[in-house]
There are 2 protein chains.
Amino acid sequence: MNDRSNTPVSGESLLFLTDEQLRKGIEAMFFAYRGFTADPDRILDEHGYGRAHHRALHFINRTHGTTVNNLLAILGVTKQSLNRVLRTLIADGLVESRVGRTDRRERNLYLTEAGRELERALSEAQRERMRAAYRAAGPQAVAGFRQGLEAMMDHEIRRHYANLRDRRP
Amino acid sequence: MNDRSNTPVSGESLLFLTDEQLRKGIEAMFFAYRGFTADPDRILDEHGYGRAHHRALHFINRTHGTTVNNLLAILGVTKQSLNRVLRTLIADGLVESRVGRTDRRERNLYLTEAGRELERALSEAQRERMRAAYRAAGPQAVAGFRQGLEAMMDHEIRRHYANLRDRRP
DNA sequence: TTGGAGTGTCAACAAGGCTGACTTAAAATA
DNA sequence: TATTTTAAGTCAGCCTTGTTGACACTCCAA
């Protein structure tokens, strides 16, 4: 329809992309994300949880002792929405909420042993999928894959992500 | 925790990936998908639609005259769920549903001019994001990006995707 | 002509988003 | 010290989008 030409993406060129090529990328993104979440979704379902729980577990595990406000910023949801999820995770003994030491208004969040166990099962499924994808795509594709993903994030979120990356214990 | 080593992914090696590297890939996937849907989400919101409407518009546009059953298979939702979305799109005059000519039980779905217009706005936002990502990642990353995404899909879905790709008019 | 496929619709429910209003406790500040 | 702001939690209510289950209609094909 609006395709400019049939010129493919050539090695080192100025990057002419047809609408057709872009459409394929868009659909690949859609289907890939579905594949990416499929395995955890099955595990979560067995426990009566959803993706929202997975996200919370992931980021609490990744930044031990993070505060509720911090989590809100990363996840980009409302306090009420997150609270509903956190409440069940705490009630089920997967997450522990401790009053902050320096600022007693804050709550620091930690995974319990049970929480770590579920998180490990979820992330292992996802890591395995990621490994398989990397294997299938080949070593030379790995860098390009990550670069493409990072370039697609919103800038502020990418900053967030970069900060998180460095702040690791 | 379970990191095997600090050995990075090396050019042509056997692909040893640390858990840390995999975790970064997992988070990149999460944040990238959010960026990927952010622009269309804003447009959809102005029209009172959601992502479900976007998906329907996309695949009807992409395979003109597709049947409801076809769409169900691609989207992976229930008939009832899709029907709710289709009903509003038809009522709003964005989608036309014509009784099948060869099999009058089937309905063939088409975008109206208004439907094409919205679809174009949505996909243009997404294409622009994709172009920017490719530009930022650089030409040598483009192939790797697509390969990584395709390798992450479920196999049956990838077949679907491949078929769709070839069946284009 | 009958069975089954494709489609549509009704009802009811759940997850997980949202807004708005309000409380409590603690920290920061005037 | 008194006041304001901040962090967290909660209640109520709404929306979208997913789910089941039941059922009706059309119409093709055996």
Side-chain angles (χ1 to χ4, degrees), chain A residues 30 33-34 37-38 40-60 65-92 95-110, chain B residues 30 33-34 37-38 40-60 65-92 95-110:
Chain A
F30 170 64
Y33 194 74
R34 206 155 71 182
T37 54
D41 280 355
R42 271 188 287 274
I43 298 173
L44 288 160
D45 201 53
E46 293 166 15
H47 294 252
Y49 293 138
R51 279 186 206 171
H53 300 85
H54 185 185
R55 291 195 281 267
L57 289 173
H58 176 97
F59 285 105
I60 293 171
T66 189
T67 64
V68 172
N69 249 1
N70 239 309
L71 215 46
L72 287 178
I74 296 172
L75 296 177
V77 296
T78 59
K79 173 174 67 160
Q80 294 89 329
S81 213
L82 175 60
N83 193 252
R84 185 165 33 193
V85 166
L86 274 184
R87 205 161 24 183
T88 72
L89 290 175
I90 291 169
D92 295 352
V95 168
E96 194 188 347
S97 163
R98 296 187 208 145
V99 171
R101 274 191 306 171
T102 58
D103 185 337
R104 294 172 42 84
R105 286 172 305 181
E106 295 181 342
R107 298 294 128 80
N108 296 116
L109 302 169
Y110 301 88
Chain B
F30 171 65
Y33 195 75
R34 204 153 73 182
T37 54
D41 280 355
R42 272 188 288 274
I43 298 174
L44 288 160
D45 201 53
E46 294 166 15
H47 294 253
Y49 294 136
R51 277 185 207 172
H53 300 84
H54 184 184
R55 291 195 281 268
L57 288 173
H58 175 97
F59 285 105
I60 293 172
T66 189
T67 64
V68 172
N69 243 7
N70 239 310
L71 216 46
L72 287 177
I74 296 170
L75 296 176
V77 297
T78 58
K79 169 174 72 160
Q80 294 87 332
S81 208
L82 175 59
N83 192 253
R84 186 166 33 197
V85 165
L86 276 183
R87 206 161 25 184
T88 72
L89 290 175
I90 291 169
D92 294 353
V95 167
E96 194 188 344
S97 164
R98 296 187 209 146
V99 173
R101 272 192 304 171
T102 58
D103 185 338
R104 293 169 45 83
R105 287 169 305 180
E106 294 183 340
R107 299 289 180 282
N108 295 116
L109 302 169
Y110 301 89

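All values reported here derive from a predicted model rather than from experimental measurement.
B:R98 has its CZ atom 20 Å from the C1' atom of C:dG8, to the nearest Å. In this structure, CG of A:L75 is placed 13 Å from P of C:dG16, rounded to the nearest angstrom. Whole-Å rounding puts the B:L72 CG to C:dT9 P distance at 14 Å. Here D:dT17 presents its P atom at 13 Å from NE2 of B:H54, a figure rounded to the nearest Å. Atom P of nucleotide C:dG8 and atom CG of B:L82 are separated by 9 Å, given to the nearest angstrom. Between the P atom of C:dA14 and the CG atom of A:D41 lies a distance of 20 Å, rounded to the nearest Å. Atom CG of B:L86 is separated from atom C1' of C:dT9 by 13 Å (rounded to the nearest Å). Here C:dA14 presents its P atom at 15 Å from CG of A:D45, a figure rounded to the nearest Å.
Across all strands shown, A:R84 has heavy atoms under 4.0 Å from base atoms, whether or not it also approaches the sugar-phosphate. Residue A:G76 is classed as a sugar-phosphate contact, given heavy-atom separations below 4.0 Å to backbone atoms only. Note on B:T88: nothing from the nucleic acid sits closer than 4.0 angstrom, heavy atoms only.
In terms of polar N and O atoms assigned as donor or acceptor, the side chain of B:K79 never comes within less than 3.5 Å of the base of C:dG6 in a complementary pairing. Applying the 3.5 Å distance criterion, the base of C:dA5 shares a donor-acceptor pair with the side chain of B:R105.
Of the candidates C:dC18, C:dA26, D:dT10, D:dT10 carries the atom nearest the A:N83 side chain, counting heavy atoms from C-beta on. In the set C:dA27, D:dT17, C:dG16, D:dT17 carries the atom at the smallest distance from any side-chain atom of B:R55.
In terms of position on DNA chain C, the residue among B:R107 and A:R101 whose nearest nucleotide sits closer to the 5' end is B:R107. Comparing B:Q80 and B:N69 along DNA chain C, the residue whose closest nucleotide (by nearest heavy atom) sits nearer the 5' end is B:N69.
The backbone N or O of A:T102 sits nowhere less than 3.5 Å from a side-chain atom of A:R104 that would complete a donor-acceptor pair. In terms of modelled atom types and a separation under 3.5 Å, the side chain of A:R98 and the main chain of A:G65 share no donor-acceptor contact.
Close to D:dT10, at under 4.0 Å from its OP1 or OP2, lies a side-chain N or O of A:R87. Note on B:R104: every side-chain N or O is 4.0 Å or more away from OP1 and OP2 of D:dT26. Proximity of B:T78 to the phosphate of D:dT19: a side-chain N or O atom is located under 4.0 Å from OP1 or OP2. Contact between the side-chain N/O atoms of B:H53 and the OP1/OP2 oxygens of D:dT16 is not found at any separation under 4.0 Å.
Below 30°, between 30° and 60°, or above 60°: for A:H54 and A:H58 the angle between ring planes is above 60°, a perpendicular geometry. Aromatic ring orientation, B:Y33 versus A:Y33: parallel (interplanar angle below 30°, classes split at 30° and 60°).
If you run side chain to side chain contact (heavy atoms under 4.5 Å, CB included) between A:H53 and each of A:T88, A:V95, A:L86, only A:T88 comes through.
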Practice problem: Using the side-chain contact (heavy atoms from CB on, under 4.5 Å) rule, take A:F59 and A:T66 through it: C-alpha gap first, then chi angles, then the decisive distance, then the call. | Solution: CA-CA 8 Å; A:F59 285 105; A:T66 189; over 6 Å; no
